[in-house]
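Read through the structure below, which is laid out as structure tokens, and then see the notes.
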Amino acid sequence: MIELNPDRARRAIVEHTARLADAAVAAGSDAAVPTTPGWTVADLVEHVGQTQHWVAEIIERRITDPAQLPTEMAVLPADPREWPAWLSESAQRVASACSDDALDAPVFNASGDERSGTRFWLTSVLNETVVHGFDAENAAGRPVDINADIAAPLISNHFAMLTSPTWEMLRSESAHAIRGTGQTLQWVATDLADDADAWSVERRPDGATWQPGTRPADVTVTGPAGSLLLTLTRRLPLTGEGGDISVDGDAGLVRHWIDHTAHVSD
């Protein structure tokens, strides 16, 4: 599997946040965000900046108890002309919080997997920034390009969250919906340096599980890593004219999975 390089992730958070800010200004504060129904660009900017500040505080304070997570959120400037500076501050703050010294410090990990809390949050903030960056660019009518080496670890993080105890606790309806009787799905990226990267899911009666790599599956979804990420997060349709995603096998299984896995970046 592609590992997320911490320095690359920190730089990507800052870079993608700057792109998001520029797109938000171009689109206008009251513009609708087609890929997040009911949101305006102002809602999008507020969410991203608040999330980055919130996560930074978790890491800065080395919070290990989820009952102690921050409850106060940063305030969005009323003047949209101040948004780029506000977002730059939030991005720089969370990138700095995820310093090398903090990477393995004791911090709460919402996915409950083997990663340290800081490594989990670094990937999760990057996911929020990249996916919502797509939302902002889309609202501004701009093309979006997500590098494969960024998209691949975000896909892994996506599956880690959907199969975590935290997801079962907070999104029980979703967690129950993706249980099954052994149905298997896999996603294969075609644009990575070393062959294809892949993610395999099994829908078990006691909960869905995932693992890296390919295996025999009831359905396989293939395409560039960026397109797979945007499809999994419901930013792009599964199939359509001119799309670069292909589905081999039971497409209904994939549609069911996507329809029942509303992610935290929605």
Side-chain angles (χ1 to χ4, degrees), residues 1-22 47-74 84-134 145-167 189 192-194 197 199 210-212 225-226 229 233 263-265:
M1 292 294 293
I2 295 292
E3 294 293 334
L4 183 61
N5 177 279
D7 186 57
R8 173 83 166 105
R10 290 186 288 254
R11 286 186 286 106
I13 287 171
V14 173
E15 293 166 2
H16 280 267
T17 301
R19 287 165 51 180
L20 185 156
D22 184 65
H47 172 75
V48 171
Q50 287 183 338
T51 299
Q52 291 178 347
H53 278 297
W54 185 77
V55 170
E57 184 175 349
I58 293 172
I59 299 167
E60 290 163 355
R61 291 172 49 195
R62 302 292 195 266
I63 294 174
T64 58
D65 181 357
Q68 300 300 316
L69 293 175
T71 56
E72 294 186 7
M73 305 300 283
W86 186 70
L87 285 173
S88 177
E89 177 188 3
S90 64
Q92 292 287 352
R93 181 185 178 191
V94 75
S96 296
C98 296
S99 65
D100 287 344
D101 290 342
L103 286 177
D104 296 311
V107 175
F108 171 64
N109 174 355
S111 74
D113 61 18
E114 72 281 357
R115 290 174 292 178
S116 70
T118 301
R119 293 179 188 274
F120 161 77
W121 289 114
L122 178 61
T123 306
S124 295
V125 168
L126 179 58
N127 183 83
E128 287 283 300
T129 306
V130 168
V131 173
H132 284 315
F134 172 86
D145 180 33
I146 301 174
N147 290 340
D149 69 320
I150 292 293
L154 298 186
I155 294 172
S156 296
N157 189 68
H158 180 82
F159 286 124
M161 279 303 300
L162 294 178
T163 57
S164 70
T166 300
W167 193 261
L192 296 168
D194 298 320
D197 211 358
W199 301 261
W210 83 280
Q211 63 183 18
L229 174 67
T233 54
H263 197 265
V264 288
S265 58

### Task
Enter the distance from Arg19:CZ to Thr129:OG1 here, rounded to the nearest 0.5 Å.
11.5 Å
### Message
How close do Ala74 and Gln50 get, counting heavy atoms only, and between which atoms?
### Response
O-NE2, 2.8 Å
### Message
Show, in sequence, the C-alpha distance, side-chain angles and deciding distance for Leu154 and His158, and conclude whether the side chain to side chain contact (heavy atoms under 4.5 Å, CB included) test is met.
### Response
CA-CA 6 Å; Leu154 298 186; His158 180 82; over 6 Å; no
### Message
Restricting to non-hydrogen atoms, name the atom on Ser164 and the atom on Ala110 that form the minimum distance, rounded to 0.1 Å.
### Response
OG-O, 4.3 Å
### Query
Closest approach of Ala152 and Ala225, non-hydrogen atoms and distance?
N-CB, 4.3 Å
### Task
Ignoring hydrogens and angles, tell me if any N or O in the side chain of Asn147 forms a donor-acceptor pair with the backbone of Asp149 under 3.5 Å.
no
#### Entry: Arg115 side chain reached by Asn157 side chain, heavy atoms, under 4.5 Å
yes
#### Entry: CA sep, side-chain torsions, deciding dist, call: Ser90, Val48, side chain to side chain contact (heavy atoms under 4.5 Å, CB included)
CA-CA 9 Å; Ser90 64; Val48 171; 5.7 Å; no
### Message
For a quick test of reading the model, state the closest non-hydrogen atom pair linking Ser111 to Pro165 and the distance between them.
### Response
O-CD, 3.7 Å
### Test salt bridge (charged side-chain N to carboxylate O under 4.0 Å, His left out) applied to Glu60 - qualifying residues, sequence neighbours left out
Arg93
### Task
Give the minimum heavy-atom separation between Pro70 and Ile63, together with the two atoms involved.
CD-CD1, 3.9 Å
### Query
Does the side chain of Asp104 come within less than 4.5 Å of Arg119's, by heavy atoms?
yes
### Task
Check step by step if side chain to side chain contact (heavy atoms under 4.5 Å, CB included) holds for Asn109 and Glu114.
CA-CA 9 Å; Asn109 174 355; Glu114 72 281 357; over 6 Å; no
### Task
Report yes or no: does Ser88 contribute a side-chain atom to a donor-acceptor pair with the main-chain N or O of Ala85 at less than 3.5 Å?
no
### Query
Looking at OG1 of Thr118 and CD1 of Ile58, how far apart are the two atoms once the value is rounded to the nearest 0.5 Å?
10.0 Å
## Note on the structure
Closest non-hydrogen contact found for Cys98 with Leu103 is O-CD2, 4.0 Å
### Message
Counting C-beta onward and ignoring hydrogens, is there a side-chain heavy-atom pair between Asn127 and Leu229 closer than 4.5 Å?
### Response
yes
### Message
Are Pro84 and Asp22 packed together at the side-chain level, in the sense that at least one heavy-atom pair is separated by less than 4.5 angstrom?
### Response
no
### Query
Using 30° and 60° as the class limits, which term best fits the ring planes of Trp54 and Trp121: parallel, tilted or perpendicular?
perpendicular
## Note on the structure
Contacts of Arg61 meeting salt bridge (charged side-chain N to carboxylate O under 4.0 Å, His left out) (sequence neighbours excluded), chain-then-number -> Glu57
### Task
State, yes or no, whether a side-chain contact exists between Arg10 and Leu122 at a heavy-atom distance under 4.5 Å.
yes
### Query
For Asp145, what residues pass the salt bridge (charged side-chain N to carboxylate O under 4.0 Å, His left out) criterion, not counting sequence neighbours?
none
### Message
I want to check something: taking the side chain as every heavy atom from C-beta on, are His16 and His132 in contact at a cut-off of under 4.5 Å?
### Response
no
## Note on the structure
OG1 of Thr166 to CZ of Phe108, rounded to nearest 0.5 Å, is 5.0 Å
### Message
What's the separation between atom OG1 in Thr163 and atom CH2 in Trp210, rounded to the nearest 0.5 Å?
### Response
7.5 Å
### Message
Go through it in stages, so that I can follow the logic: the residues are Gln52 and Ile13, the test is side chain to side chain contact (heavy atoms under 4.5 Å, CB included), and I'd like the CA-CA distance, side-chain angles, deciding distance and then a yes or no.
### Response
CA-CA 10 Å; Gln52 291 178 347; Ile13 287 171; 4.1 Å; yes
### His53 and Trp86, any side-chain heavy atoms less than 4.5 Å apart
yes
### Message
Between Gln92 and Thr17, is there a side-chain heavy-atom distance shorter than 4.5 Å?
### Response
no
